[in-house]
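Here is the naming used below: chain letters follow the sequence lines, and residue numbers restart at 1 for every chain.
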Protein chains: 2
Amino acid sequence: MTGTGRTTTRDIARAAVRAELAQVAFELFRRDGFDKVTLDDLASAAGVSRSTFLRYFGTKEDAVLGAFEGQDQRVADALRGRPADEDDWTALRHALDTVIARYREDPDGALATTRLVRETPALCARHLEKQHGWGPALAQALADRAGSAEPPTLGQSVRAGAALHCLNVAIDHWTASDGRLDLVTLLDEAFAALSGR
Amino acid sequence: MTGTGRTTTRDIARAAVRAELAQVAFELFRRDGFDKVTLDDLASAAGVSRSTFLRYFGTKEDAVLGAFEGQDQRVADALRGRPADEDDWTALRHALDTVIARYREDPDGALATTRLVRETPALCARHLEKQHGWGPALAQALADRAGSAEPPTLGQSVRAGAALHCLNVAIDHWTASDGRLDLVTLLDEAFAALSGR
DNA sequence: GCTAGATATGAAACTGAGTGTCACGCTAGC
DNA sequence: GCTAGCGTGACACTCAGTTTCATATCTAGC
């Protein structure tokens, strides 16, 4: 987006190029391993200059992790959309369906991406870092939902983070099962494990 | 340690140098900011060569995060040491006292370190990455404690991770309060927030 | 005590990520 | 058509981290 909120022709072109670059990068990473592929490799494979590639993705990692961009906002919005009388856990669990949906739409793609991320320390670290920022965002959404104009309570922060962790564990197990297990069931089990015992 | 488990004179010297380097590095980081300080700065400030510095800490980040080294093993051991009839939550909560202890022994140092880490994206990311590895270790300890020779269940993974997250939230709040709030109380509250509602 | 082997250090070259600058070319609006 | 702005490429630069080699120091065995 360029300054104004208006979406111009250029923005569409940019998005298309971005998607194309991400696609090329992803395939190279899968084939040769993330660390083996240099920025020069990526640039020449995509037919652009190194500079251009770095303008689209500030980082090699971002070429992969850009796929997750904005998920936090989507989940937070979903959370705010839940009925006010719903308890935090139920609201969080439902809000996470927003994320799950993408895994059900394109299981193979999701599986490949997840594998690449978990197998690559650099990607894994960056992903954790970004996801770490979701916690406060979700906690704030919980606070908003509760109507209080105050910052999130310790309890809300804990629950938001724990819910995210449930998501991660569920995805881990799902990935380990080659996508055969049902992600919804796994997520429900994960949430249940918090209350249980 | 050199090959054998035996602790030699050299190992002691190494540890002393390491501690000294970490100290010098920490002060520079606090004064000028982590990103502003280069490896050359660190090396010359500590009176060693760049090579040597990098031999002690494979990474600039490790000069700070080395302080947390081995905590995961300590917590896991503490966990295994808990009575077998204790439920997971109680065992986890008590095992975390191992970590808390360091914050009570040297609150000022802990506060300074924590601040530096949370304020520096690179450090924060690396720290998250390392701490991410604790989850499986704790989950395994829970599994061992349960006597099953199997890998940890989904429930155990969830609980281990959630407990770690409680620790983080508690430390965050403690840091935000300049160390005035009681960390034990905060941690108890965080655990309570998981069961509640 | 002296030497042989291991070990700590320093120097330097190298790769690769990310930043900043500048000039060129295309496109849109006047 | 002209021009102002944007996307792109080329290039130089800084810095982290790796690797290699030479040198000094320390330890152990004789």
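- Rounded to a whole Å, the CZ atom of B/Phe57 is 18 Å from the C1' atom of D/dT18.
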Working for side-chain contact (heavy atoms from CB on, under 4.5 Å), residues B/Phe191 and A/Val158: CA-CA 8 Å; B/Phe191 267 78; A/Val158 166; over 6 Å; no
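- In this entry the distance linking CD1 of B/Ile12 with P of D/dC26 reads 16 Å, nearest Å.
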Listing time: all N or O pairs from protein to nucleotides 9-11 of chain C that are below 3.5 Å?
{"unit_1": "C/dT9", "atom_1": "OP1", "unit_2": "B/Tyr56", "atom_2": "OH", "d": "3.3"}
{"unit_1": "C/dT9", "atom_1": "OP2", "unit_2": "B/Tyr56", "atom_2": "OH", "d": "3.0"}
{"unit_1": "C/dG10", "atom_1": "OP2", "unit_2": "B/Ser49", "atom_2": "N", "d": "2.9"}
{"unit_1": "C/dG10", "atom_1": "OP2", "unit_2": "B/Ser49", "atom_2": "OG", "d": "3.1"}
{"unit_1": "C/dG10", "atom_1": "OP2", "unit_2": "B/Thr52", "atom_2": "OG1", "d": "2.4"}
{"unit_1": "C/dG10", "atom_1": "N7", "unit_2": "B/Arg55", "atom_2": "NH2", "d": "3.3"}
{"unit_1": "C/dG10", "atom_1": "O6", "unit_2": "B/Arg55", "atom_2": "NH2", "d": "2.9"}
{"unit_1": "C/dA11", "atom_1": "N7", "unit_2": "B/Ser51", "atom_2": "OG", "d": "3.1"}

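- Rounded to an integer number of Å, the gap from CZ of A/Arg18 to P of D/dT8 is 13 Å.
- Contacts classified as side-chain hydrogen bond (donor to acceptor under 3.5 Å, both in side chains) and involving residues 62-78 of chain B (residues at least two apart or in different chains) are given here: B/Asp62-B/Lys130.
- Side-chain atoms of B/Gln156 come within 3.5 Å of backbone atoms of B/Thr153 as a donor-acceptor pair (strictly under, hydrogens ignored).
- If you take NZ of B/Lys36 and P of D/dT14, they are 16 Å apart, rounded to a whole angstrom.
- Under the ring pair (Phe, Tyr, Trp, His ring centres under 6.0 Å) criterion, the residue pairs touching residues 14-42 of chain B are B/Phe29-B/Phe34, with sequence neighbours excluded.
- At whole-Å resolution of the value, NZ in A/Lys60 and P in C/dA17 are 5 Å apart.
- Using a 4.5 Å cut-off on side-chain heavy atoms (C-beta onward), B/Gln131 and B/Asn168 make contact.
- Using a 3.5 Å distance cut-off with no hydrogens or angles, the side chains of B/Asp41 and B/Thr38 do pair a donor with an acceptor.
- Considering only side-chain atoms of A/Leu54, the nucleotide from D/dA16, C/dG16, C/dG18 that sits closest is C/dG18.
- Between A/Leu39 atom CG and D/dG9 atom C1' there is a gap of 15 Å when expressed in whole angstrom units.
- A/Asp35 places its CG atom 17 Å from the P atom of C/dT15, with the value rounded to the nearest Å.
- Between the C1' atom of D/dA16 and the CZ atom of B/Phe29 lies a distance of 12 Å, rounded to the nearest Å.
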